[in-house]
Student: 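A single structure is presented below for examination.
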Amino acid sequence: MWWDRFARPAAATVAGLALLGLAPTGAWAQSGDTAPQTHAGVPGSATGSSRTTNEIDLLLDAEGVLHAEERISFGGAAPERFTRTFVTREPYDTDHDRIYEVTGLTATSADGRATEVTLAHGETTLEATVEPSGADEIILSYQVRGTTSEIGERVEMEWAAVGGYSLPVEETTVTVDAGLPPLALSCAAGEPRSSIYCTSSDMGGHQALIARFVQADLDVGQTLSIVVGYPSGVAPGEPILDRTWSLTSAFSITPVTSAVFGVVLLVLVGGLIVLIRTRGRDERALRTEAAAGDNAPLLSGDEGPIGFRPPDGVHPGQIGTLIDEQADVVDITATVVDLAVRGHLVIEELPHEHFTSVDWRLVRAPEPEDDEELLRYERLLLDALFHNRDAVRLSELGDSFATRLAGVREELYRDMVRLKWFARRPNLERNRWTTTGIALTAFGVILTVLLAVYTHAAFTGLAVVIAGAAVTVGAQYMPAKTKLGSAVFAHTLGFRAYLHRADADDVPPSRRVPLFSRYLPYAIIFDNVERWAQILATAGSAELDGDRLPWYHGPAEWQLDDFADSIKTFTLTLSGVISNTRQFRTLS
């Protein structure tokens, strides 16, 4: 410690003073026979008007405790108040501060009378204020722990023997005794952390039993720091260290922290990947089942006209929820069109001027005799749209519609379990894993903070944070389809492949309008609505007598050639209305 702090500046000072014939005697030496010299190495600017002097005796015992006695002579009228500042904490290395424990501080006058001392503890200092009460001389006694440290084969005692006097001191003499001859010594005087060598130092005459330091003219607040080297074993050599916090040290990347980080990340994230992989059957089902749905969804016409039969009898809203495991806006939009195609309502496009807003009226129709029974979520959607009305404009769907949509969403999720496509409702499963991921991330943040405060291993806590974030993101993939659900999923993707490549020639001309109308809601789910709307419009122009579909009516001057643009605009507008309810944005 002392070499880095004093050696090079002190050596330069010694060399310079040697040229003047004023080099301090005995410094850095094994022994010395010359009495300490007092010469013109003045760190301060005291003029000599103050005759305050100080004699300090330091005794280092075998336990490493430094016993100190400071005899301060004011040389004239005593001040009303005198302050001595002790350095109790200073930087040691990048991760620690060195602590000096000052205890047992007392003050007496030369005749032994106790003098009042007031102590003020700061972050790095201890300030002792003494009221001499007219005494020309006071004696401060105290003990210090933490001044020794093991450096190579030596024990070094380091201490700020004089620190922050409130008066200038004309001359200071410090002696240090540890029971064994010192091996080397050094000192620095002036402002705190100064590297200017003190006035003189030696090892106490020809016997070289004690270390002695002399400093002339210390200004108010200036210090005299000393270091004395002794043979190993003279006292314990462990300094008192207090770990300091820094971002760099808290997140130290070492072989140990890197290994722990890697193991934790591998176990948590790797386990998540394995879990997602083992829970998901979709990829395996696609390899074996997708071909079953890749064909025309037609009912055999042996006993009647050709009819529509989707794979596994799946309705558009169910397909949408099965594919992305969420009941969302497009599922509701496709279901509204599907209900219209099946005869439960009619969509009427209202007259409008060019460039003005388009609106539609939904008109409820009597229950068709040839349609299958409505599913519960479909019936709830009809009730949400009309709510004891026979007709409603799209622009009039308000808060009551939004409230009733929540039941539609919940029933779609229940369908996933009722049909045995999922073991548990996918929205609840997703929320459970999302909550787990957020909790794990929060735990990782707390763990990282605690590790940063108390250890150097905060880097390992980041692995838990990353794992928690991975679980939160991976929650979207955690709803597990059953074997049946994966097979149906594969069939619907086969159906999607068919709709993307099929054309009108796959269906006899007389059946194209009703069948292509049934295709359209599924095309909305599969984002292929524009193509099938155009095919339907073309088929309608050839098969129908008027410019209207059974389930979609346009205003005057409207033609079937306009249907593709109209249905596309309708689906976008309806999707916007549903999105504004926020039922499928925040609670899915």
Student: Tell me, do Tyr413 and Gln326 make a side-chain contact under 4.5 Å, heavy atoms counted?
Tutor: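 The answer is yes, as the side chains (C-beta and beyond) meet within the 4.5 Å cut-off.
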Student: Would you check if Ser200 and Phe213 make a side-chain contact, meaning some heavy-atom pair closer than 4.5 Å?
Tutor: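 Of all side-chain heavy-atom pairs linking Phe213 with Ser200, none is under 4.5 Å.
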Student: Once ring pair (Phe, Tyr, Trp, His ring centres under 6.0 Å) is applied, what residue pairs with a partner in residues 174-194 remain, sequence neighbours excluded?
Tutor: none
Student: Does any non-hydrogen side-chain atom of Phe526 lie less than 4.5 Å from one of Ile323?
Tutor: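 Of all side-chain heavy-atom pairs linking Phe526 with Ile323, at least one is under 4.5 Å.
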Student: Could you walk me through whether Val162 and Thr223 pass the side chain to side chain contact (heavy atoms under 4.5 Å, CB included) test, one step at a time?
Tutor: CA-CA 5 Å; Val162 176; Thr223 64; 5.8 Å; no
Student: Any sub-3.5 Å donor-acceptor pair from Asp93's side-chain atoms to His96's backbone N or O?
Tutor: yes
Student: Please give me the minimum heavy-atom distance between Phe74 and Ala135, naming the atom from each residue.
Tutor: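 Closest approach of Phe74 to Ala135, heavy atoms only: CD1-O, 3.6 Å.
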Student: Where do Ile253 and Ser258 come nearest, in terms of heavy atoms and distance?
Tutor: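 Result for this residue pair: CG2-OG, 3.3 Å.
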Student: So which atom in Ile138 and which in Phe82 form the shortest heavy-atom distance, rounded to 0.1 Å?
Tutor: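 That closest heavy-atom pairing would be CD1-CD2, 4.1 Å.
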Student: CZ/Arg71 to OG1/Thr53 distance, rounded to the nearest 0.5 angstrom?
Tutor: 10.5 Å
Student: Tell me the closest heavy-atom pair linking Ala467 and Val269, and the distance in Å.
Tutor: CA-CG2, 4.0 Å
Student: Could you pull out the closest heavy-atom pair between Leu58 and Ala68, with the gap in Å?
Tutor: CD2-CB, 3.4 Å
Student: Sort out for me which residue in Glu238, Glu90, Glu158 forms a salt bridge (Lys or Arg N to Asp or Glu O under 4.0 Å) with Arg98.
Tutor: Glu158
Student: Can you confirm whether Asp177 sits close enough to Thr175 that some side-chain heavy atom of one is under 4.5 Å from a side-chain heavy atom of the other?
Tutor: no
Student: Assess whether atom CZ of Arg414 is packed by more than 12 heavy atoms of other residues, nucleotides or ligands within 6.0 Å.
Tutor: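 More than 12 heavy atoms, drawn from other residues, nucleotides or ligands, come within 6.0 Å of this atom.
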Student: Walk me through it: do Thr460 and Val264 pass the test side chain to side chain contact (heavy atoms under 4.5 Å, CB included)?
Tutor: CA-CA 8 Å; Thr460 60; Val264 172; 5.8 Å; no
Student: Look up atom CD in Gln143 and atom CG in Asp61, then write down how far apart they are to the nearest 0.5 Å.
Tutor: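 Those atoms lie 9.5 Å apart.
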Student: Please report the interatomic distance OG1(Thr52) to CG(Asp136), rounded to the nearest 0.5 Å.
Tutor: 10.5 Å
Student: Going from CG on Leu440 to CD1 on Ile466, what distance comes out if it is rounded to the nearest 0.5 angstrom?
Tutor: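 The CG atom of Leu440 sits 11.5 Å away from the CD1 atom of Ile466.
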Student: Checking Met478 against Arg432 for the side chain to side chain contact (heavy atoms under 4.5 Å, CB included) test, could you report, in this order, the C-alpha distance in whole Å, the side-chain angles of both residues, the deciding distance, and whether it holds?
Tutor: CA-CA 9 Å; Met478 294 310 294; Arg432 184 167 68 89; over 6 Å; no
Student: How about Thr129 and Glu116: do any of their side-chain heavy atoms sit closer than 4.5 Å?
Tutor: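 Sidechains of Glu116 and Thr129: no contact.
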Student: Would Arg84 and Phe86 count as a cation-pi pair here, with the cationic atom under 6.0 angstrom from the ring centre and within 45° of the axis?
Tutor: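 Positive - Arg84 is close enough to the ring of Phe86 and near enough to its axis.
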Student: Working to the nearest 0.5 angstrom, can you tell me the gap between Ile139 CD1 and Ser109 OG?
Tutor: 7.5 Å
Student: Is there side-chain contact between Val176 and Trp159, with at least one heavy-atom pair below 4.5 Å?
Tutor: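 Result no, sub-4.5 Å side-chain heavy-atom pair not found.
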Student: Could you walk me through whether His121 and Thr88 pass the side chain to side chain contact (heavy atoms under 4.5 Å, CB included) check?
Tutor: CA-CA 9 Å; His121 295 269; Thr88 56; over 6 Å; no
Student: Ala62 and Pro236: which non-hydrogen atoms are nearest, and at how many Å?
Tutor: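 Ala62 and Pro236 have their closest heavy atoms at O-CD, 3.1 Å.
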Student: Going by ring pair (Phe, Tyr, Trp, His ring centres under 6.0 Å), name the residues that satisfy it together with Phe251, two or more places apart in sequence or in a different chain.
Tutor: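 For Phe251, no residue satisfies ring pair (Phe, Tyr, Trp, His ring centres under 6.0 Å) once neighbours in sequence are set aside.
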Student: Determine whether Leu462 and Thr448 make a side-chain contact, defined as any pair of heavy atoms from C-beta on separated by less than 4.5 Å.
Tutor: yes
Student: Under 3.5 Å, is there a donor-acceptor pair between the side chain of Thr125 and the main chain of Gly122?
Tutor: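 Not a single qualifying donor-acceptor pair exists.
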Student: Set out, in order, the CA-CA distance, both residues' side-chain angles and the distance that settles side chain to side chain donor-acceptor pair (under 3.5 Å) for Ser575 and Thr333, then state yes or no.
Tutor: CA-CA 6 Å; Ser575 296; Thr333 301; 3.1 Å; yes
Student: Measuring from atom CD of Gln215 to atom OG1 of Thr199, what distance do you get when rounded to the nearest 0.5 angstrom?
Tutor: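 With rounding to 0.5 Å, CD (Gln215) is 3.5 Å from OG1 (Thr199).
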Student: If you define the side chain from C-beta out and look only at heavy atoms, does anything of Pro132 sit under 4.5 Å from Thr115?
Tutor: no
Student: Could you tell me whether the side chain of Ser194 and the main chain of Ile196 form a donor-acceptor pair under 3.5 Å?
Tutor: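 Yes; at least one donor-acceptor contact below 3.5 Å.
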Student: Donor-acceptor pair, Tyr100 side chain versus Val87 backbone, under 3.5 Å?
Tutor: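 Checked: no pair found.
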Student: Treating Asn580 as the side-chain partner and Val577 as the backbone partner, does any N or O pair qualify as donor plus acceptor under 3.5 Å?
Tutor: no
Student: Checking side chain to side chain donor-acceptor pair (under 3.5 Å) between Ser232 and each of Arg154, Glu150, Glu153, which is the one that passes?
Tutor: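 Among Arg154, Glu150, Glu153, the one meeting side chain to side chain donor-acceptor pair (under 3.5 Å) with Ser232 is Glu150.
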